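Heads up: the structure comes next, in structure tokens.
Chain identifiers are assigned alphabetically (A, B, ...) following the order of the sequence lines, protein sequences preceding nucleic acid strands; residue numbering begins at 1 within each chain. Bear in mind the structure is a predicted one, so any value in this text is a computation, not a measurement.
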Protein chains: 2
Amino acid sequence: MPEAAIVHIVDDDASLGEALASLFRSVGLEPRLYGSAQAFLDAELPDAPGCLVLDVRLPGLSGLDFQAQLAQFGIGLPVVLMTGHGDIPMSVRGMKAGAVDFLPKPFREQDMLDAVTTGIERDRQRRAADGGRRALEERFATLSPRERQVMALVTAGKLNKQVAGELSLSEITVKIHRGAAMRKMGARSLADLVRMAEALHVGA
Amino acid sequence: MPEAAIVHIVDDDASLGEALASLFRSVGLEPRLYGSAQAFLDAELPDAPGCLVLDVRLPGLSGLDFQAQLAQFGIGLPVVLMTGHGDIPMSVRGMKAGAVDFLPKPFREQDMLDAVTTGIERDRQRRAADGGRRALEERFATLSPRERQVMALVTAGKLNKQVAGELSLSEITVKIHRGAAMRKMGARSLADLVRMAEALHVGA
DNA sequence: CCAGCGTTCATATCTTCGTATGAGCGGCGC
DNA sequence: GCGCCGCTCATACGAAGATATGAACGCTGG
């Protein structure tokens, strides 16, 4: 059974927000209502897959600007945009910014559900990929500076002897750092380490 | 100096097509005109970075359907959509399908140029990435079946001895295949071979 | 039929890797 | 100051890898 998903609804129209909330509840999704972009930013982001439903017309800044701002903050939550008075350039801008969908009001409930479902699925995959990456980064963080250098050169295909030359070390020392890097990264083979370095962009 | 880029224009309105063609020529891009989707498909695709400008309303099939069809044929050429009578769902569909932009007529010339420039840049990068991949696949195609098996297991991190066990071979034979694979693939280190295997999805 | 290729294996040699054991040095914090 | 940690290096041994030489078998295509 998949983890419970949360739908964040940012809309200044409370009655529409409630309608959406009840729609999402009816299919087993947990809705959260926010009256403004700021209210969403102030709230804690739960550690669960989710999706953001955003009205383009918001008090303060536009939903499109808000969308761009989220990306700047590193919030990768998928966004579904909706609007009552939209035009094509607006929708294109939203989609270019990575929105899952752009729904003109009035929309069919099923379209909204489809969009949110797609967004949640996208978030699930992003979170899974991110999770693996973060675990890698945590392990990489435990490496000493020397160990990182050695790891970078070794995964670039250099021999211990060559690494020793480039770093002005003895080959023995390189072996020690290499072994430590393998152990700390949890790599059971050089191939593993190479793939980890690839995912971490080490050496780039 | 970057390679000359080609703009493919598919539009049944010849006068508009000509206007676009002259616009693109004015900025040093080579335009090619097609009166229908079929005419484009029948033509030879030049080996140069390019971009496809497509009217959504076409005789026969719609520009959106054509766009989907191109993807099926494995034609990754970036698409810029334009239309005289479009709506938001249409633009969203086009953008979801990966269009670079969706321009309602009348559009500013600069917007079209920006879109096409973006498309060409995207194509340049795609072609560069694809080129590297194809070169890899060509080399991989020269490997004998055994060499591929050995390469898969070796890049999975197994020792020669383990590979020999799994394939019921002697360790010496494994070494020979391994060496042949390295030579044929042009890998100068195991790390190289691992990255190649990764790019080729070998072992997946 | 035979040349070529892929596959298999042995022997031999050299290099490289992995790791353990032991040890010295410098910085940082309690 | 003393312990911890990172960094350094040496010696030593066994495992693993790379390569060359030589050789055998079967299949396929000219």
Side-chain angles (χ1 to χ4, degrees), chain A residues 134-203, chain B residues 135-204:
Chain A
R134 251 196 298 278
L136 266 192
E137 275 166 2
E138 276 171 29
R139 277 177 272 174
F140 188 68
T142 69
L143 297 195
S144 73
R146 269 304 197 214
E147 286 160 356
R148 288 179 210 189
Q149 287 181 315
V150 171
M151 173 173 167
L153 294 172
V154 162
T155 54
K158 317 240 175 175
L159 300 179
N160 287 345
K161 186 180 292 186
Q162 294 174 306
V163 175
E166 288 196 32
L167 299 180
S168 298
L169 296 176
S170 85
E171 198 181 332
I172 296 90
T173 307
V174 171
K175 286 186 185 182
I176 293 175
H177 290 315
R178 180 180 185 148
M182 294 277 287
R183 205 170 350 93
K184 289 185 181 179
M185 293 301 292
R188 281 172 307 179
S189 67
L190 175 58
D192 275 2
L193 199 67
V194 170
R195 270 181 283 265
M196 290 177 184
E198 198 75 348
L200 289 168
H201 311 117
V202 172
Chain B
L136 267 191
E137 276 166 2
E138 277 172 28
R139 277 176 272 171
F140 188 67
T142 70
L143 296 195
S144 72
R146 271 300 198 215
E147 285 160 358
R148 287 179 210 189
Q149 287 181 316
V150 170
M151 172 173 168
L153 293 172
V154 162
T155 55
K158 317 237 174 177
L159 301 178
N160 286 344
K161 187 178 295 186
Q162 295 173 304
V163 176
E166 290 196 32
L167 299 181
S168 298
L169 296 175
S170 85
E171 198 179 332
I172 295 94
T173 306
V174 171
K175 287 185 185 181
I176 293 174
H177 290 316
R178 180 180 184 149
M182 294 278 288
R183 204 169 353 90
K184 290 186 181 178
M185 293 300 291
R188 281 172 308 180
S189 65
L190 176 59
D192 273 3
L193 198 68
V194 170
R195 268 181 284 267
M196 291 177 184
E198 198 75 348
L200 289 167
H201 313 114
V202 173

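Here the shortest heavy-atom pairing between B:G157 and A:S189 reads CA-OG, 3.3 Å. The two atoms that bring A:A152 and A:V202 nearest to each other are CB-CG1, 3.6 Å, heavy atoms only.
Distance CZ/A:R178 to CG/A:L153: 11.0 Å, rounded to 0.5 Å. Note that CD of A:E147 and CD of A:Q149 are 10.5 Å apart. Values are rounded to the nearest 0.5 Å. Summarising the geometry, atom CG belonging to A:L169 is positioned 11.0 Å from atom CG belonging to A:N160; distances are rounded to the nearest 0.5 Å. In this structure, CG on B:D192 lies 10.0 Å from CE on B:M185, to the nearest 0.5 angstrom. Interatomic distance, CZ of B:R183 versus OG1 of B:T142, reported as 10.0 Å (0.5 Å rounding). Atom-to-atom distance recorded for A:M151:CE and A:S144:OG is 12.0 Å, nearest 0.5 angstrom.
The stretch residues 158-182 of chain A comes close to DNA chain D through A:L169, A:S170, A:I172, A:T173, A:I176, A:H177, each having a heavy atom under 4.0 Å from the strand. Taking every heavy atom of residues 141-152 of chain B and every atom of DNA chain C, pairs under 4.0 Å involve B:S144, B:P145, B:R146, by number.
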Problem set entry | Test side-chain contact (heavy atoms from CB on, under 4.5 Å) applied to B:E171 and B:V163, step by step | CA-CA 8 Å; B:E171 198 179 332; B:V163 176; over 6 Å; no
Problem set entry | Chi angles and distances behind the side-chain contact (heavy atoms from CB on, under 4.5 Å) call for A:L167, A:V150 | CA-CA 8 Å; A:L167 299 180; A:V150 171; 4.0 Å; yes
For this session: For side-chain contact (heavy atoms from CB on, under 4.5 Å), just list the numbers for B:H177 and B:T173, CA-CA rounded to whole Å, side-chain angles, deciding distance to a tenth of an Å, and then say yes or no.
Result: CA-CA 6 Å; B:H177 290 316; B:T173 306; 3.6 Å; yes
For this session: Apply the test side-chain contact (heavy atoms from CB on, under 4.5 Å) to residues A:V154 and A:L190: give CA-CA distance (whole Å), side-chain angles for both, the deciding distance (0.1 Å), then the verdict.
Result: CA-CA 9 Å; A:V154 162; A:L190 175 58; 3.7 Å; yes
Check the interface with nucleotides 26-29 of chain C: list each N/O to N/O pair with the protein under 3.5 Å, or write none.
none

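Under the salt bridge (charged side-chain N to carboxylate O under 4.0 Å, His left out) criterion, A:K161 pairs with no residue, sequence neighbours left out.
Chain B approaches DNA chain D over the interval D:dA16 to D:dT19, counting the first and last nucleotide 5' to 3' with an atom under 4.0 Å from its heavy atoms.
Using modelled atom types, one side-chain atom of A:R148 and one backbone atom of A:A141 make a donor-acceptor pair closer than 3.5 Å.
An end-to-end axis angle of 40° holds for the helix from C:dC1-D:dG30 to C:dC30-D:dG1, taken from five base pairs per end and rounded to 10°.
Heavy-atom contacts from other residues, nucleotides or ligands closer than 6.0 Å to NZ of A:K158 number 12 or fewer.
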